[in-house]
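Let me begin by presenting the structure, written as structure tokens, before commenting on it.
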2 protein chains.
Amino acid sequence: MRIKSLHPDRVRAWLARAEAWCRARGSNLTPLRREVLELVIARGRPVRAYELLDALRARGRAGSPPTVYRALEFLEAEGLVHRLSARKAWLACPEPGHDHAGVVLSCRHCGRALEVDDASLVEPLLARLDAYGFEPEAGLLEVPGTCDWCRQERDHG
Amino acid sequence: MRIKSLHPDRVRAWLARAEAWCRARGSNLTPLRREVLELVIARGRPVRAYELLDALRARGRAGSPPTVYRALEFLEAEGLVHRLSARKAWLACPEPGHDHAGVVLSCRHCGRALEVDDASLVEPLLARLDAYGFEPEAGLLEVPGTCDWCRQERDHG
DNA sequence: GAATGCAATGTAATACTATTACATCATGTT
DNA sequence: AACATGATGTAATAGTATTACATTGCATTC
Ligand SMILES: [Zn+2]
Ligand SMILES: [Zn+2]
Ligand SMILES: [Zn+2]
Ligand SMILES: [Zn+2]
């Protein structure tokens with residue numbers, strides 16, 4: 001059986017790294033922002049904004065859409081979460097401080113997504129876009145498809 | 001100065017190709033669907049669904065959201081338009097019948113988008129995803145960035 | 001210490017995107 | 001005629017995101 005969400009210890013460690021990262025950058029990871037990040041991390045998969053809002057409210061926080069969207073906007077600017085536009089969802093970044101160049105492998109079946117921070121994956125593609133005069137943005141390329149687990153499920157029952 | 005939309009002759013030719021394509025496939029390009037396609041083509045850039053709805057109404061058509069979403073769903077299934085999820089917009093495909101493997105170069109500044117149907121652009125990337133057990137979907141990869149025109153605008157005033 | 005400025009949050013309202021559900025209409029088949 | 005089917009009309013609703021303005025807390029300045 002698959003795990004439903006991240007182990008609390010791993011969440012704690014992840015949060016600690018995020019705190020250190022913000023401290024180093026002089027950015028303000030407030031309790032609210034930290035709490036939203038914690039929720040995103042704990043899911044271990046892309047989360048929608050209104051799920052986060054519900055979760056905040058369930059914890060007794062006051063909350064409305066701007067509450068969560070503002071927190072997410074901050075977290076994305078800090079590189080702590082990434083927005084997956086094809087999924088309208090937000091994914092915690094496992095390595096704040098990295099380049100976030102590479103891909104996100106987004107499974108249409110189970111909804112999970114894997115961030116692969118490997119610039120060498122996309123560099124050959126991006127380099128060729130120069131021929132079109134196109135300057136690609138830094139960031140992750142979203143690749144929809146079927147993940148390993150779902151593929152095995154499908155192929156070997 | 002840049003053109004605002006496609007030349008009527010080019011729209012007509014494009015539509016004729018689409019009609020031939022649907023005839024060949026035995027699919028039903030009804031007047032409504034054809035009209036929506038015409039609107040998408042004429043813009044020459046990604047269009048949002050509610051813009052199309054407004055345009056339909058301006059032409060005297062009855063219309064509500066399902067009207068346009070159903071037409072777009074049909075057109076996408078036929079490969080006549082592509083949905084750009086990062087933009088929440090729809091782009092007419094210049095070559096129905098192609099593989100639609102490749103990329104869409106989507107400019108954040110001017111909003112234009114260029115479909116590049118060249119599988120060789122993405123194949124090296126997609127092949128390497130096998131190492132992750134990931135099976136990418138067929139389709140175009142959306143690449144956000146700055147187009148040639150906007151880059152020149154920016155660099156040489 | 002009062003006044004000021006600023007960043008963060010609270011709150012209500014609204015805009016924008018997309019789908020569901022059900023009615024109607026036309027067309028072709030039995 | 002009865003029926004099935006695909007396409008469209010229409011109303012309502014769900015889901016995503018932003019705007020606008022009020023409030024709070026804290027640091028700076030006078
Ligand atoms: Zn990342
Ligand atoms: Zn999966
Ligand atoms: Zn295409
Ligand atoms: Zn541009």
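Residue numbering restarts at 1 for every chain, and letters A, B, ... go by the order of the sequence lines.
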Do B:Y50 and C:dA18 share a donor-acceptor pair, side chain to base, under 3.5 Å?
-> yes
Spacing between A:E51 atom CD and D:dT16 atom C1', to the nearest angstrom = 13 Å
Does B:A89 or B:R70 map to a spot on DNA chain C nearer the 5' end, using the closest nucleotide for each?
-> B:A89
When we call it a touch if two heavy atoms are under 4.0 Å apart, what does A:R83 touch: a base, just sugar-phosphate, or nothing?
-> sugar-phosphate
Proximal nucleotide (of C:dA12, D:dT16, C:dA18) relative to the A:P66 side chain = C:dA12
Can a donor-acceptor pair be found between the side chains of A:T67 and A:R61 at a distance below 3.5 Å?
-> no
Go through C:dT11, C:dT17, D:dA7 for me and flag the one nearest to the B:R33 side chain.
-> D:dA7
Which part of the nucleic acid, if any, lies within contact of A:S64, taking any heavy atom under 4.0 Å across all strands shown: a base, the sugar-phosphate backbone alone, or nothing?
-> base
Atom-to-atom span, CD of B:E73 to C1' of D:dA7 - whole angstrom | 12 Å
Look at the side chain of B:N28 and decide which nucleotide, out of D:dA17, D:dT8, D:dA7, has an atom nearest to it.
-> D:dA7
With salt bridge (Lys or Arg N to Asp or Glu O under 4.0 Å) as the test, would you mind laying out the steps for B:R33 and B:E78 before giving the verdict?
-> CA-CA 11 Å; B:R33 291 165 174 172; B:E78 297 300 316; over 6 Å; no
Do the side-chain N or O atoms of B:T30 get closer than 4.0 angstrom to the phosphate oxygens (OP1, OP2) of D:dT8?
-> yes
